[in-house]
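Worksheet: one structure, shown below.
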Amino acid sequence: MSVDAEPIVRLTLPDGSTREVPTGTTGLAVAASIGSRLAKDALAIKLNGRVLDLARPLLESGPFEVVTPSHADALEVYRHSSAHLTAHAVKRLFPGVKIGIGPAIENGYYYDFDPGRAFTPEDLEKIEAEMKKIVAENAPIERLEMPKAEAVKIFSDLNDPLKVEIIESIPDDHVSCYRQADFIDLCRGPHVPATGKLGVFKLTHTAGAYWKGDERNPMLQRIYGACFLSQKQLDEHLARLEAARARDHRKLGKELGLFVFHPWAPASPFFLPKGAMVYNLLVQFMRELYVKYGYQEVVSPQVFDADLFKKSGHYSNYKENMYFTEIDEREFGVKPMNCPGHFLMYASQAYSYRDLPVRFADFGRLHRYERSGVTQGLTRVRTFCQDDSHIFCSIDQMPAEMDRFIDLIDEVYGTFGFSGIRVGLGTRPEKWMGKIENWDKAEKALASAFEKRGRDFFVNAGDGAFYGPKLDFQVTDAIGRPWQLGTLQVDFANPDNFDLVYTGEDGAKHRPVVLHRAVLGSLERFFGILIEHTAGNFPFWLAPEQARVIPVSEKLNEYAHEVCTALVQAGLRATVDRRNEKLGAKIRNGELEKVPALLIVGEKERTSETVSLRKHGAGDLGSRSLAALIPDMLAATKSRSLNWGVPKEALTH
RNA sequence: GCCGAAGUAGCUCAGUCGGUAGAGCAGCUGAUUCGUAAUCAGCAGGUCGUCGGUUCAAGUCCGACCUUCGGCUCCA
């Protein structure tokens, strides 16, 4: 509190008008003077860019806004207050429970507790009911500022050692607490003025969480709450979760017969014939682009003497993620990345500046040990392959290589219909190697590649690889979720380690730069993302079964077979459903299996050399001559068209 | 790895108080020969994740392990 405060503070309202009030007037009073409705809706105020409690005395002049539910800053305050509400209810129901922290997060909030035992789903119901009661009580929420010693006493008396620990770690002399009825919590605030303002929440699940996120600390029980400003928004959020579950790649992968797992190969997918088809088509797609973008594919070993990984730095920086084996009394490591092998291949030949850039692409299988609790479906596995490449170029060629890479990224992501590409720049992490001036140079070069194109990027401090900074490419899927796919990592360190050189124009040896890059990233993970993005409705070119011929009865099996043969001979993936079933059943099956084209053939079609076309999700489209349909399908395949035979609703963003 | 939950037929799931395991779909066989999202009937299908324990008796209770799922950054 400023001692030499002016007697008057001047507030600039969003409409540009100004208002002068005595210093110390509360935000609520100002809101009330503007309008009673505004005061009723007010959750907080914002002065000079800081969100404050309604009851806070105003001590400085500046831009002033009333934070109502429609204000951009309302949600965080509301969620944070709702987190306190959860803690309040827990303290009432389980007096022995110690409280941790409870911040607002995306879609809601969480609160960490040390309950001495895990919360059960029944506990959550009780807590929710108690929360509703506290809302009905409409208890005022007040801010209390006090010396640290006083706060320590309060929380010691309440048997809340975690709170005491936090207070003691705060550098200021004073701390703030918030009190609502019989509950008090250490908190910076701000909060809504009373518990009656709250009420739109749902406790969704519990989970273990380490105190302060550090696994050396004891594990607490975290309660997650979904929380929004209106019931409608909360319902929509819960519906979105439901929709996301419906397109879960693990569920669809099983239903569509794409892949399976087995306990004897934990976190390692087995791609069934249909899944392998999609997988290989993805590889084929990248191979075609490699020709266009000047890459050369190589094939490299799986297992290397551990000395290689000592040289590459993996042994000291990545060992805990690697598989090792011993044979002939030598220690071998299974490769977790292709790069060390590529360095040996580069070093095996003499390159001149005329040869550069050299772009080695490799679909080699990689193995990385992931801790048992972190694996997940196809998105986090222990064996996978990347659309991996290492580009060896001169420093001068780096900008052109980045341009070329960004073009490739755009072409690939566009083909799959991903939108909203975002780029993150990962800077020097804690574990790093090389020269610091090279790091700085590379970080600048990556940033300028995007600035030059007028594209946004954001900085992920400390998120670089141990051998250099990197760019990460993030896309948005069909239901708005972000996924990190491509990456480009600059490596100044390994060319030194492996003494990689090229002969320059001047006849002298020069050091190339290595760019590690992938577009899809892990093919396994990309496959999983693609399943969720398309909800299993693969674009025509990727569909494992593009067309299914359905005879209306067994009498038409022969003609169906002829049609199928024509399709297969044209290079399409087609089958015949020759089961002894009624037409409706076969169609239902084809639709459930998301086959893009169902070709129904009956007597009519046989005599006219046609098929009745039913596109997946689009229903019956009537008869087509086979002679016209086949080229149409081939064109959709060749052009990798996004929407042939894909239901409209699967394409909406 | 840690906290919590789950694992029963190929799939989705039921199985009460511990008393010798059930449905639907899929599969197979037969009948039906059918025009745009499920034809009917019959048959077959199981070391209840694995190992150990308690018990006259274990899918069920206890323990260990395996696998899968939800989490473990979002700093009062």
Side-chain angles (χ1 to χ4, degrees), chain A residues 76 80 83-84 87 99-106 109-112 114-115 117-121 148 151 155 160 162-170 172 175-178 185-189 204-224 245 248 250-251 254-255 257 260-268 320 369-377 460 462-463 550-557 579-593 598-605 612-623:
Chain A
E76 192 176 341
H80 195 178
H84 276 217
I99 55 178
I101 59 165
I105 55 171
E106 202 184 350
Y109 63 89
Y110 66 74
Y111 210 107
D112 285 345
D114 181 2
R117 63 162 178 100
F119 290 114
T120 63
K148 269 166 73 174
F155 289 100
D160 269 318
L162 301 173
K163 286 293 178 192
V164 173
E165 186 184 329
I166 292 165
I167 295 164
E168 283 167 349
S169 72
I170 294 172
D172 306 344
V175 296
S176 59
C177 293
Y178 279 78
D185 195 0
L186 175 74
C187 186
R188 202 156 31 198
T204 53
H205 59 293
T206 61
Y210 295 104
W211 173 233
K212 292 178 178 170
D214 188 329
E215 63 188 40
R216 288 165 302 195
N217 287 336
M219 180 150 284
L220 306 180
Q221 290 298 315
R222 175 169 296 180
I223 294 179
Y224 282 89
R245 263 194 291 277
D248 186 318
R250 292 166 299 195
K251 178 174 177 284
K254 197 182 275 187
E255 285 173 6
V260 293
F261 287 88
H262 191 280
W264 283 352
S268 306
E320 60 275 21
Y369 173 73
E370 299 284 358
R371 297 201 296 175
S372 61
V374 306
T375 60
Q376 198 220 35
N460 288 325
D463 200 39
I550 300 181
V552 297
S553 83
E554 286 181 335
K555 287 179 184 166
L556 275 301
N557 277 0
R579 294 173 308 153
N580 180 8
E581 282 292 349
K582 295 181 79 168
L583 178 59
K586 294 184 191 180
I587 283 174
R588 182 179 144 82
N589 260 284
E591 292 286 354
L592 289 175
E593 291 173 42
L598 299 180
L599 309 180
I600 291 96
V601 296
E603 202 48 51
K604 218 163 51 192
E605 285 77 17
S612 172
L613 173 63
R614 185 188 167 105
K615 277 194 193 179
H616 174 52
D620 184 5
L621 298 181
S623 288

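Letters A, B, ... are given to chains in the order of the sequence lines, protein chains preceding strands, and every chain is numbered from 1. Note that this is a predicted model, so its numbers are computed, not measured.
Rounded to a whole angstrom, the distance from the C1' atom of rC62(B) to that of rG18(B) is 13 Å. Across rC69(B) and rC75(B), the matching P atoms stand 28 Å from one another, rounded to whole Å. Look at the P atom in both rC11(B) and rG7(B): the space between them is 14 Å, to the nearest Å. Across rG70(B) and rU12(B), the matching P atoms stand 15 Å from one another, rounded to whole Å. Here, rU68(B) and rG49(B) have their C1' atoms 11 Å apart, quoted to the whole Å. Comparing rU50(B) with rU67(B), their C1' atoms are spaced 10 Å from each other, to the whole Å. Nucleotides rG45(B) and rG22(B) have their C1' atoms positioned 13 Å apart, rounded to a whole Å. A gap of 13 Å separates the C1' atoms of rG52(B) and rA58(B), to the nearest Å.
Between rC74(B), rC69(B), rG35(B), one nucleotide has an atom nearer to the side chain of Arg250(A) than all others, and that is rC69(B). Side-chain proximity of Arg588(A) to rU67(B), rA38(B), rU39(B): nearest is rA38(B). For Ala267(A), taking side-chain heavy atoms from C-beta onward, the closest of the listed nucleotides rA38(B), rC75(B), rU68(B) is rU68(B). Distances were taken from every side-chain heavy atom of Ala118(A) (C-beta onward) to each of rG70(B), rG4(B), rU67(B); the shortest belongs to rG4(B). When distances are taken from the side chain of Ile587(A) to each of rG70(B), rA37(B), rG35(B), the shortest belongs to rA37(B). Listed candidates were rA37(B), rC34(B), rC74(B). Nearest to the side chain of Ile105(A) is rC74(B). Here the nucleotide nearest the side chain of Lys582(A), chosen from rG70(B), rC34(B), rA38(B), is rC34(B). Closest to the side chain of Ile101(A), from the set rC72(B), rC75(B), rA37(B), is rC75(B). Among rC66(B), rC72(B), rG35(B), the nucleotide with an atom closest to any side-chain atom of Ile600(A) is rG35(B). Between rU68(B), rC66(B), rG1(B), one nucleotide has an atom nearer to the side chain of Pro263(A) than all others, and that is rC66(B).
Rounded to an integer number of Å, the gap from Glu215(A) CD to rG1(B) P is 11 Å. For Ile550(A) and rA38(B), the CD1 to P distance is 12 Å, given to the nearest whole Å. Rounded to a whole Å, the CD atom of Glu591(A) is 18 Å from the P atom of rG35(B). Going from atom OH of Tyr111(A) over to atom P of rC75(B) covers 13 Å, rounded to whole Å. The nearest whole Å value for the distance from the CD atom in Gln221(A) to the C1' atom in rG4(B) is 7 Å. Here the P atom of nucleotide rC3(B) and the OH atom of Tyr224(A) are 17 Å apart, to the nearest Å. Atom pair Trp211(A):CH2 and rU73(B):C1' shows a separation of 15 Å (rounding to whole Å applied). Regarding Leu220(A), its CG atom lies at a distance of 14 Å from the C1' atom of rG4(B), rounded to whole Å.
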List every contact pair, protein side and nucleotides 26-31 of chain B side both N or O, where the distance is under 3.5 Å.
{"from": "rA31(B)", "atom 1": "N6", "to": "Asn580(A)", "atom 2": "ND2", "distance (Å)": "3.3"}

Give each protein N/O atom lying under 3.5 Å from an N/O atom of nucleotides 5-14 of chain B, with the pair distance.
{"from": "rU12(B)", "atom 1": "OP1", "to": "Lys254(A)", "atom 2": "NZ", "distance (Å)": "3.1"}

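Every side-chain hydrogen bond (donor to acceptor under 3.5 Å, both in side chains) that Glu165(A) has, sequence neighbours left out, goes to Trp211(A), Lys212(A). With sequence neighbours excluded, the residues forming a side-chain hydrogen bond (donor to acceptor under 3.5 Å, both in side chains) with Thr120(A) are Glu122(A), Asp123(A), listed by chain and number. Every residue meeting the side-chain hydrogen bond (donor to acceptor under 3.5 Å, both in side chains) condition with Asp160(A), not counting sequence neighbours, appears here in chain and number order: Lys91(A).
Looking only at distances, a side-chain donor or acceptor of Lys148(A) sits under 3.5 Å from a matching main-chain atom of Ile170(A). A side-chain donor-acceptor contact under 3.5 Å links Ser268(A) to the backbone of Pro266(A). The backbone N or O of Asp620(A) sits nowhere less than 3.5 Å from a side-chain atom of Lys615(A) that would complete a donor-acceptor pair. Checked by atom type and distance alone, the side chain of Lys586(A) never pairs as donor or acceptor with a backbone atom of Val552(A) at under 3.5 Å.
Atom CZ of Arg245(A) has more than 12 neighbouring heavy atoms from other residues, nucleotides or ligands inside a 6.0 Å radius. In Glu106(A), the CD atom is not crowded: 12 or fewer heavy atoms of neighbouring residues, nucleotides or ligands sit closer than 6.0 Å.
Checked by distance alone, Tyr210(A) brings a side-chain donor or acceptor within 3.5 Å of a matching partner on the base of rG1(B). Contact annotation: side chain of Gln376(A) to base of rG70(B), donor-acceptor pair absent below 3.5 Å.
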Check the pair Arg614(A), Glu591(A) against salt bridge (charged side-chain N to carboxylate O under 4.0 Å, His left out), reporting the backbone distance first and the verdict last.
CA-CA 9 Å; Arg614(A) 185 188 167 105; Glu591(A) 292 286 354; 2.6 Å; yes

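Between Arg222(A) and the phosphate of rC3(B), there is no side-chain N or O to OP1/OP2 separation shorter than 4.0 Å. For rC75(B), neither phosphate oxygen OP1 nor OP2 lies less than 4.0 angstrom from any side-chain nitrogen or oxygen of Tyr110(A). Using a 4.0 Å cut-off, some side-chain N or O of Ser372(A) falls inside it from OP1 or OP2 of rG1(B).
His205(A) and Tyr224(A) have parallel rings, their planes meeting at less than 30° on a 0 to 90° scale where 60° marks the start of perpendicular.
When each of Ile166(A) and Thr375(A) is assigned the nucleotide of RNA chain B with its nearest heavy atom, Thr375(A) is the one assigned upstream, toward the 5' end.
By the 4.0 Å N-to-carboxylate-O rule, Glu215(A) lies close enough to Arg371(A) to be salt-bridged with it.
Looking at RNA chain B, the stems built from 3 or more consecutive Watson-Crick or G-U wobble pairs, each pair with its key distances under 3.5 Å, are B:1-7 with B:66-72, B:10-13 with B:22-25, B:27-31 with B:39-43, B:49-53 with B:61-65.
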